[in-house]
Chemist: 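Shown below is the structure under consideration.
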Amino acid sequence: VQLQASGGGLVQAGSSLTLSCSAPGRTFSSYSMGWFRQAPGKEREFVAAVSGSGGGEHYADSVKGRFTISRINARDMVYLQMNSLKPDDTAVYYCARGLYFGSQMTSDYDYWGQGTQVTVSS
């Protein structure tokens, strides 16, 4: 399983950005998908997760109300819509395939994309 994240960039605070993750595979809809991020000098942290059907969503408190995770199973794609971006959101963002929906632990995700950089200037 090869995950490919894209859509990062340099934006100003208050802006919006949408990240995409391609996860081709016949069993895509059988797995939850998640987004994590890692800022320089910090541990990788959970951002959001979506269930295999797309009917369930789970968010870190720090992004709740600003970020929205979604997926289109027919396209093997998962997205992260990020609104009202803050400088603290600056990080490399990773998509990952989850073994348990809603888990915030990196050990519960078995395949990872390469990451896409998001930089938010003040």
Side-chain angles (χ1 to χ4, degrees):
V1 178
Q2 289 189 323
L3 279 62
Q4 181 76 30
S6 61
L10 171 62
V11 296
Q12 292 187 331
S15 298
S16 297
L17 204 59
T18 300
L19 304 183
S20 301
C21 176
S22 170
R26 289 184 297 173
T27 60
F28 176 72
S29 63
S30 299
Y31 293 89
S32 66
M33 295 293 295
W35 286 96
F36 286 73
R37 66 187 182 186
Q38 188 166 19
K42 294 186 178 181
E43 294 186 354
R44 192 169 298 189
E45 65 174 3
F46 171 80
V47 174
V50 62
S51 64
S53 67
E57 300 169 19
H58 182 59
Y59 297 94
D61 289 342
S62 59
V63 306
K64 200 171 295 183
R66 299 189 298 122
F67 290 11
T68 302
I69 189 171
S70 61
R71 65 191 295 161
I72 300 178
N73 285 340
R75 298 180 182 176
D76 295 341
M77 295 290 295
V78 62
Y79 304 94
L80 185 68
Q81 172 70 41
M82 306 184 293
N83 298 326
S84 302
L85 282 162
K86 305 174 182 179
D88 285 349
D89 295 319
T90 295
V92 177
Y93 283 71
Y94 299 89
C95 60
R97 191 179 79 168
L99 300 174
Y100 308 103
F101 168 60
S103 173
Q104 300 189 23
M105 298 175 60
T106 57
S107 57
D108 288 333
Y109 292 79
D110 59 354
Y111 288 95
W112 294 78
Q114 85 290 359
T116 184
Q117 176 72 47
V118 173
T119 303
V120 184
S121 63
S122 58

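Computation of the quantities below employed the complete heavy-atom set of this structure, encompassing side-chain atoms and omitting hydrogens, waters and symmetry-equivalent molecules. No experiment lies behind these values; they were computed from the predicted model shown.
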Chemist: Kindly write out the residues that satisfy side chain to side chain donor-acceptor pair (under 3.5 Å) with Ser121, not counting sequence neighbours, or none if the list is empty.
Modeler: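 Counting only residues at least two positions away or on another chain, Ser121 forms no side chain to side chain donor-acceptor pair (under 3.5 Å).
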Chemist: Looking at every heavy atom in both Ala39 and Ala91, which two are closest together, and how far apart are they?
Modeler: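 Looks like N-CB, 3.8 Å.
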Chemist: With sequence neighbours excluded, give me every salt bridge (Lys or Arg N to Asp or Glu O under 4.0 Å) pair touching residues 18-29.
Modeler: none
Chemist: Counting distance only, does the side-chain N/O of Arg66 pair as donor-acceptor with the main-chain N or O of Ser84 below 3.5 Å?
Modeler: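 Confirmed, Arg66 side chain pairs with Ser84 backbone.
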Chemist: Kindly write out the residues that satisfy side chain to side chain donor-acceptor pair (under 3.5 Å) with Tyr59, not counting sequence neighbours, or none if the list is empty.
Modeler: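 If we apply the side chain to side chain donor-acceptor pair (under 3.5 Å) test to Tyr59, skipping adjacent residues, the hits are Glu57.
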Chemist: Can you list everything that forms a side-chain contact (heavy atoms from CB on, under 4.5 Å) with Thr119? Sequence neighbours excluded, please.
Modeler: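 Here the qualifying residues are Leu10, Thr90, Gln117.
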Chemist: For a quick test of reading the model, state the closest non-hydrogen atom pair linking Leu99 to Ser32 and the distance between them.
Modeler: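 Closest approach of Leu99 to Ser32: N-OG, 4.4 Å.
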Chemist: Only pairs under 3.5 Å count here: list side-chain donor-acceptor contacts from residues 1-9, not counting sequence neighbours, and write none if there are none.
Modeler:
none

Chemist: Can you name the side-chain contact (heavy atoms from CB on, under 4.5 Å) partners of Val11, sequence neighbours left out?
Modeler: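 With sequence neighbours excluded, Val11 shows a side-chain contact (heavy atoms from CB on, under 4.5 Å) to Ser15, Leu17, Leu85, Val120, given in chain and number order.
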Chemist: Who are the side-chain contact (heavy atoms from CB on, under 4.5 Å) partners of Ser30, not counting sequence neighbours?
Modeler: Thr27
Chemist: Checking Asn73 now: which residues fulfil side-chain contact (heavy atoms from CB on, under 4.5 Å) with it, not counting sequence neighbours?
Modeler: Phe28, Ser29, Arg71
Chemist: Let me have the donor-acceptor pairs involving side chains of residues 74-82, under 3.5 Å, with sequence neighbours excluded, atom names and distances please.
Modeler:
unit_1	atom_1	unit_2	atom_2	d
Asp76	OD2	Gly25	N	3.3
Gln81	OE1	Thr18	OG1	2.4
Gln81	NE2	Asn83	OD1	2.8

Chemist: Taking the six-membered ring for Trp and the single ring otherwise, decide whether the centroids of Tyr109 and Phe36 are under 6.0 Å apart.
Modeler: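 Here the rings of Phe36 and Tyr109 have centres that are less than 6.0 Å from each other.
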Chemist: Give me each pair satisfying disulfide (SG to SG under 2.5 Å) with a member in residues 42-122, each pair once, sequence neighbours excluded.
Modeler: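 Non-adjacent pairs meeting disulfide (SG to SG under 2.5 Å): Cys21-Cys95.
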Chemist: Does some side-chain heavy atom of Phe46 sit less than 4.5 Å from a side-chain heavy atom of His58?
Modeler: yes
Chemist: Lys86: which residues meet the side chain to side chain donor-acceptor pair (under 3.5 Å) condition with it, sequence neighbours left out?
Modeler: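 Here no residue qualifies.
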Chemist: Please list all pairs meeting salt bridge (Lys or Arg N to Asp or Glu O under 4.0 Å) that have one or both residues in residues 29-42, counting only residues at least two apart or in different chains.
Modeler: Arg37-Glu45, Arg37-Asp89
